[in-house]
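For reference, the structure is listed below as structure tokens.
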Amino acid sequence: MMATLIALSQRNEAFWISLVLILLGGITPEIPFLGEIEPSGILIWIGAGILLIRVLVAAVRIFKTAAEAGVIGYREGKRNDS
């Protein structure tokens with residue numbers, strides 16, 4: 001139970017951190033920094049990257065759980081047929 005709560009809080013924190021980075025990127029003035037790179041673009045890309053990684057991790061976890069449940073269900077069905 002505690003591991004589940006920790007996992008949920010980490011996922012929630014990653015979402016809020018990425019959202020704040022995207023919003024900060026939106027309100028940061030577009031002053032060139034290090035040549036052509038702008039700080040607002042960097043913040044937006046980092047925030048979007050964190051969100052994308054969290055979505056991919058969640059999709060893999062859901063797929064893994066569904067695959068494990070399918071295997072267990074298949075084995076139970078085969079056992080009941082015999």
Side-chain angles (χ1 to χ4, degrees):
M1 180 70 169
M2 190 60 166
T4 305
L5 293 175
I6 291 171
L8 287 173
S9 70
Q10 289 174 347
R11 201 172 310 149
N12 195 20
E13 289 171 0
F15 169 77
W16 287 110
I17 289 170
S18 60
L19 184 63
V20 166
L21 286 173
I22 291 172
L23 291 175
L24 281 176
I27 62 173
T28 303
E30 296 186 8
I31 300 170
F33 179 75
L34 298 176
E36 296 290 323
I37 302 173
E38 298 174 354
S40 61
I42 294 171
L43 291 174
I44 291 172
W45 277 103
I46 291 173
I50 292 171
L51 272 179
L52 180 64
I53 290 170
R54 292 308 306 162
V55 167
L56 292 175
V57 167
V60 167
R61 286 183 180 172
I62 289 170
F63 178 73
K64 182 180 174 184
T65 303
E68 289 174 358
V71 169
I72 291 170
Y74 177 76
R75 287 182 186 159
E76 288 179 1
K78 291 295 275 184
R79 190 174 348 148
N80 291 337
D81 288 343
S82 328

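The first residue in the sequence is number 1, and the count goes up from there. This structure is a prediction, so every number in the text was calculated from the model and none was measured.
How far CD of E68 is from CZ of F63: 10.5 Å, rounded to the nearest 0.5 Å. Here the straight-line distance linking atom CH2 of W16 with atom CD1 of I50 works out to 14.5 Å at 0.5 Å rounding. Interatomic distance, I17 CD1 to I22 CD1, rounded to the nearest 0.5 Å: 12.5 Å.
The side-chain contact (heavy atoms from CB on, under 4.5 Å) test with L21 is passed by exactly one of I44, I46, L51: I46.
G47 approaches S18 most closely through the heavy-atom pair O-CB, 3.2 Å. Shortest non-hydrogen contact noted between S40 and G25 is CB-O, 3.0 Å.
Side-chain atoms of V60 and L56, non-hydrogen and from C-beta on, never get closer than 4.5 Å to each other.
Both I42 and V20 belong to a single network of hydrophobic side chains, linked directly or stepwise wherever heavy atoms of I, L, V, M, F, W or Y lie under 4.5 Å apart.
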